[in-house]
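Residue numbering restarts at 1 for every chain, and letters A, B, ... go by the order of the sequence lines. Predicted model only: the values in this text are computed from it and were never measured.
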Amino acid sequence: MSIPKYYDSALAYEKFYSAWEEAGCFTADPKADGEPYSIVIPPPNVTGSLHMGHALNNTLQDVLVRYKRMDGFNAVWVPGTDHAGIATQWIVEKQLRAEGKDRREMGREAFLKRVWEWKAESGGTIIHQLRRLGVSCDWSRERFTMDEGLSKAVREVFIRYYEDGIIYRAQRLINWDPFAQTALSNLEVENEEDFKTEIWSFAYPLSEPALCEDGVLRDEIVVATTRPETMLGDTAVAVHPEDPRYRALIGKTVRHPFVDREITIVADAELVDPEFGTGAVKITPAHDFNDFAVGKRHNLEMINILNNDGSLNEEGGPFAGLDRFDARTAVKEKLAELGLERGSKEHVMALPRSQRSGVPVEPMLSTQWFVRMEELAAPAIDAIETGRTKFVPKTWENTYYAWMRNIQDWCISRQLWWGHRIPAWFDTDGNVYVGRDEAEVRARHKLADDVELNQDEDVLDTWFSSALWAFSTFGWPEDTESLKKYYPTSVLITGFDIIFFWVARMMFSGLYFQDEVPFKDIYIHALVRDEHGQKMSKTKGNVVDPLTEIDKIGVDAFRFTLVALAAQGRDILWNDKRAEGYVKFQNKVWQAFKFIGMHIEDYDADAPKELGVYDKWILARLHTAVANIRQAMEEYRFNDVASELYAFVWHEFCDWYLELSKGTLYNSTNQTAQQGAKHTLLTVFNAVVRIMHPIMPFLSEELWERMPNTNGFVMMASYPKPGDFASNPESLEQVRFLQEVIVEVRRIRAEMELGNKVELTLRSADAAKLHGQEQGLKDLCTVTTLEVGGKEGVSSTFVVEGVTFFIPLEGVVDIEAEVTRLNKKIEQVEKSIGRLEGRLSNKKYVDNAPAKIVQETRDSLSAEKDTHAKLLKARGELEG
RNA sequence: GGGCGUAUAGCUCAGUUGGCUAGAGCAUCAGUCUUACAAACUGAGGGUCCUUGGUUCAAGUCCAAGUACGCCCACCA
């Protein structure tokens, strides 16, 4: 058997990914046996390209799906992409601009055709990139949020919500993006902290002067604003009802300096803080959320002063047509000219910007479609409270509750073309009809043929369709086998940044339409940052590209690194050094396999065989390792899965078992023992390969293919169970003793600066305890002679579990060095004795601590005392 | 303003329900070409577990307050 010197992960990828796919390994059959295990992918934007967040997210999903699939579950992982409304529309608009075209000139239909063309050409990028991670998605189930089936689900949901009174159309104050010229939901607005601006004051002249309670005769009222242009839409000035400065003015009016309007002074205790500023607030109900509420309370006129592009409309009077920022300057200048300016102050505020376009958002009075959230939120809150769905880590439920319990209605209409067009039609009188299509609307409402109907021009928020992802991808509204088998899904793996956008909305959608939570667990992972904890960004130039990284270190090591770093409740700092370490791990596994390959050529499965103590030991250790790894996997402790695997393979199997087995493999003449060792090598390695498969799919498949007695793909093999390997306490005890002896010998060798080749003799009255371990002692610490007996001549002494050992070193080492070494050891033991005695002399400890703990303390104390005595004796003998 | 998270070796991080003489990788130092692996092996050094108080026989772990950093939500014209 010829095994390459090093593992080539790129080669393995080429060999296996398409082979798995062609063999149907990824395909799930709802009619097949097995308890269902299902995951739906967080659909990446069709415009996206793979970044570290995707890499982490999808690696974790793949680890779980592969694990469960091997473990006998009927596992499915549904992939797909999101149509990403604004983002996609923009990419195509940009292309058009480069060609000197404009979507409005093209018309809706031609534009959409163009977007679909773009999608066909470039929309699959991220899906291809995902494959390079080795993800085992069922590609036959790939969905797109705008494909026919999902669009049908969207229409169905819209109609049912509408008929149930959940969806409504109303004029409300919404966030308007003047660049994209669309409404946004609250979530799509991001505040820029610490935005430095000015707060600018001006006076409204009173229609007639009035004497106020503080004795001042007022002829004006001063207000302040960060957006002076909005004064063109002012329809009131609010003061506090108890404010003596202004109480006499309540109900009186001021004159608007630019437009022909009298503005009422109203009293509003809710809004106005008399301590802040002048204690008088200008009210622009159509362009400010607080002012809107005041407007509602006082039944004020709401005047929209803005066009969709952010310029001023005819309500702007002399400023009509100016851009909002130019209007700001102009309004200030004009007010100054009129002598109404009353100074300005620097001001720091949070500036609301559109998440997509980045421009400052304008609150605007607008008629839009909304989802009434109150009834939807209640069951979604309850599902978490009652534990039907669990957040992991649990702490994220606080975030979820905070938002859900204080939720606002969701503005779902967008003034875009790319997206799900709202299934509503208007007649020429403005009546609205909701239905699946125009024909259905006509039939249902018995509309005469000459009634003109026009479909609503707007589309739905992208997240409206993603909210249905957990069931629409399984074929809903059809009653499919898949839906029955795989819904609710087992777990959702996602980042905290979309808990509101997506997770919460899937919760209430699933509960409303399936009467059942969409997933049993929600695993929330952290952000991947750079090694200094900085967010990765192009401008900082600290972006780690997953594909580059895969080219560099191979997909297996790349995945292993992400899994090893994925500890709960902490950001993930990508670390090249750690990644390098896991490349070495990959090599370690490969080298171990080469070693095994050398020894199993003449392995005979049917030959008589006998397991030695090392064989029993490593199988017992494997028993524990498998139990721990499974446990960690079930609890989403991914980092523990990785480190347990790493430690077992490297520090138990390679460092100890392989070294200990060499004696039998190379030197033994005992055929049954040799076959026993070969059998164990294969058994353990076979299990290791299966255990590592979910994390390192290609390495494990490559090994599996080369190993004897394996069939098919490891991907479809069974995941090891602890019970497959006997737990064997005696062997654990014996090998632990041997290990301690070996470490002590090595330590003495190092401290005494003896070379590795110097052959040593080990003497002890209890040497029989190591009987049968002579070969191991020779191979692992070059002890060539084991003698029964006490100290003879100048020796180095150590004590392991009450047994004193001597290494005769006459003429090799001086007495002084050995005394120094012993003293150090004695000091350590004395410290330990002091600690233990202190504990046991504390009556409260003895009385209160569990008996088992107390007994353990007593046992270790007597062991330490025994060791202490033996070390003292050894020192005495040396000095004497 | 409200909420959440993090703080452990020089660096990056583990540390389940309190029982710990606090671990790993990298880095450092010393020694090894030992027949799977120098992408390796062997050994060593390195810590006030952020601070202060509390609960407890026992605190890295639980509680309270504080400090520092990070994040989310809401925001005063």
Side-chain angles (χ1 to χ4, degrees), chain A residues 3 5-6 186 191 199 201 223-227 238 271-273 275-284 288-291 347 349-350 352 393 395-396 398-399 401-403 406 496-497 499-500 526-527 529 531-533 535 564-565 567 569-578 580-599 631-632 635 637 639-640 643 646-647 651 654-655 658-659 662 666 743 746-751 753-757 779-782 828 831-832 835-836 839 842-850 852-854 856-857 860:
Chain A
I3 302 173
K5 195 165 179 201
Y6 296 113
N186 301 351
N191 290 317
I199 184 161
S201 299
V223 294
T225 180
T226 51
R227 295 185 297 157
L271 178 82
V272 181
D273 172 4
E275 307 294 316
F276 189 91
T278 60
V281 186
K282 62 186 277 305
I283 302 297
T284 324
D288 182 282
F289 286 95
N290 287 313
D291 294 2
H347 187 67
M349 59 180 271
T395 176
W396 287 109
N398 294 320
T399 306
Y401 287 143
W403 190 67
N406 194 18
F496 61 80
D497 49 331
I499 290 179
F500 305 145
L527 238 55
R529 297 167 175 278
E531 61 182 322
H532 307 292
K535 215 166 175 173
L565 292 173
R570 181 190 268 277
D571 283 339
I572 293 170
L573 276 55
W574 179 260
N575 186 314
D576 279 331
K577 284 283 162 53
R578 284 282 286 267
E580 263 172 47
Y582 297 129
V583 173
K584 291 180 181 179
F585 175 66
Q586 168 182 286
N587 178 58
K588 190 76 181 174
V589 174
W590 189 256
Q591 299 305 330
F593 173 65
K594 269 166 57 188
F595 173 80
I596 292 166
M598 288 167 53
H599 293 285
Q631 184 72 25
E635 294 170 10
R637 289 182 284 111
N639 58 319
D640 288 342
S643 54
Y646 182 99
H651 299 306
C654 292
D655 286 355
L658 290 189
E659 297 304 325
K662 282 178 183 173
Y666 284 111
V743 168
R746 284 172 176 169
R747 195 173 291 154
I748 285 167
R749 190 186 285 282
E751 280 175 30
E753 293 178 344
L754 308 171
N756 282 351
K757 288 193 163 155
D779 291 341
L780 274 80
C781 61
T782 330
Q828 279 173 13
K831 255 193 201 160
S832 166
R835 218 175 4 245
L836 295 167
R839 207 175 291 172
N842 179 350
K843 187 165 179 305
K844 285 181 176 173
Y845 171 71
V846 180
D847 290 347
N848 291 316
K852 193 178 149 236
I853 299 288
V854 176
E856 275 171 23
T857 313
S860 9

Is the phosphate of [N], meaning OP1 or OP2, less than 4.0 Å from a side-chain N or O of [X]?
| X | N | answer |
| --- | --- | --- |
| A/Asn290 | B/C76 | yes |
| A/Arg839 | B/A58 | no |
| A/Ser643 | B/A24 | no |
| A/Asn756 | B/U32 | no |
| A/Lys577 | B/C13 | no |
| A/Arg746 | B/G43 | yes |
| A/His347 | B/A77 | yes |

Taking all atoms of both residues into account, what is the closest heavy-atom pair of [X] and [Y], and its distance?
| X | Y | value |
| --- | --- | --- |
| A/Gln591 | A/Lys5 | NE2-O, 3.1 Å |
| A/Ile199 | A/Ala224 | CG1-CB, 3.9 Å |
| A/Ala567 | A/Asn639 | CB-ND2, 3.5 Å |

Rounded to whole Å, please give me the gap between [atom1] in [X] and [atom2] in [N].
| X | N | atom1 | atom2 | value |
| --- | --- | --- | --- | --- |
| A/Lys584 | B/C26 | NZ | P | 6 Å |
| A/Leu754 | B/U34 | CG | P | 18 Å |
| A/Lys662 | B/A40 | NZ | C1' | 11 Å |
| A/Asp779 | B/U34 | CG | P | 14 Å |
| A/Arg749 | B/U42 | CZ | P | 14 Å |
| A/Asp655 | B/C37 | CG | P | 15 Å |
| A/Glu635 | B/U17 | CD | C1' | 11 Å |
| A/Leu836 | B/C20 | CG | P | 12 Å |

Among [options], find the nucleotide with the atom closest to the side chain of [X].
| X | options | result |
| --- | --- | --- |
| A/Phe276 | B/G19, B/U32, B/A77 | B/A77 |
| A/Ala750 | B/G43, B/C37, B/U34 | B/G43 |
| A/Asp640 | B/C41, B/C75, B/A14 | B/A14 |
| A/Asn398 | B/G25, B/C4, B/G70 | B/C4 |
| A/Asn842 | B/A39, B/C57, B/A36 | B/C57 |
| A/Phe500 | B/G5, B/C72, B/G19 | B/C72 |
| A/Tyr845 | B/A77, B/G19, B/U12 | B/G19 |
| A/Arg637 | B/A77, B/G19, B/U16 | B/U16 |
| A/Ala849 | B/C37, B/C4, B/C57 | B/C57 |
| A/Arg747 | B/A44, B/C37, B/U21 | B/A44 |

Considering only heavy atoms from C-beta outward, does the side chain of [X] approach that of [Y] to under 4.5 Å?
| X | Y | answer |
| --- | --- | --- |
| A/Arg227 | A/Asp288 | yes |
| A/Asn756 | A/Arg749 | yes |
| A/Phe595 | A/Leu658 | yes |

Whole-angstrom distance between [N] and [M], as gauged at atom [atom1]:
| N | M | atom1 | result |
| --- | --- | --- | --- |
| B/U35 | B/A14 | P | 38 Å |
| B/U48 | B/U8 | C1' | 12 Å |
| B/G60 | B/A7 | P | 15 Å |
| B/G15 | B/A9 | P | 15 Å |
| B/G43 | B/G19 | C1' | 30 Å |
| B/U51 | B/A68 | P | 15 Å |
| B/G46 | B/C26 | C1' | 14 Å |
| B/C4 | B/U17 | C1' | 24 Å |

Counting only Watson-Crick pairs (N1-N3 plus N6-O4 or O6-N4) and G-U wobbles (N1-O2, O6-N3), all under 3.5 Å, who is the partner of [N]?
| N | value |
| --- | --- |
| B/U16 | none |
| B/U34 | none |
| B/C26 | B/G10 |
| B/U55 | none |
| B/C71 | B/G3 |
| B/G66 | B/C50 |

Describe the nucleic acid contact of [X] in one word from base, sugar-phosphate, nothing, applying a heavy-atom distance below 4.0 Å.
| X | answer |
| --- | --- |
| A/Cys781 | nothing |
| A/Leu271 | base |
| A/His651 | sugar-phosphate |
| A/Asn575 | sugar-phosphate |

*Give the ring-plane orientation class for A/Tyr646 versus A/Tyr582, where under 30° counts as parallel, over 60° as perpendicular and anything between as tilted.*
perpendicular
*Report the relative orientation of the aromatic rings in A/Tyr666 and A/His599; use parallel for angles under 30°, tilted for 30 to 60°, perpendicular for over 60°.*
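Ring orientation, 0 to 90° scale: perpendicular.
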*Counting heavy atoms not belonging to A/Glu753, are there more than 12 under 6.0 Å from its CD?*
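At most 12 heavy atoms, drawn from other residues, nucleotides or ligands, come within 6.0 Å of this atom.
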*Residue whose nearest RNA chain B nucleotide is more 5′ - A/Tyr666 or A/Gly279*: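 Mapping each residue to its closest nucleotide by heavy atoms, the 5'-most match is A/Tyr666.
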*On RNA chain B, check which nucleotide each of A/Ala402 and A/Glu275 is closest to and give me the residue with the more 5' one.*
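Its nearest nucleotide lies further toward 5', so the answer is A/Ala402.
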*Got a salt bridge between A/Arg529 and A/Asp571, using NZ or NE/NH1/NH2 to carboxylate O under 4.0 Å?*
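The answer is yes: the pair qualifies as a salt bridge.
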*State whether the distance check finds a donor on one side and an acceptor on the other, under 3.5 Å, for side chain A/Gln591 versus base B/A38.*
no
_Is it the case that B/C37 (base atoms only) and A/Lys588 (side chain only) share a donor and an acceptor within less than 3.5 Å, ignoring hydrogens and angles?_
yes
*Using the six-membered ring for Trp and the full ring for Phe, Tyr or His, decide whether A/Phe593 stacks on the six-membered base ring of B/A36 (centres under 5.5 Å, planes under 30°).*
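Ring-base stacking flag not set for A/Phe593 and B/A36.
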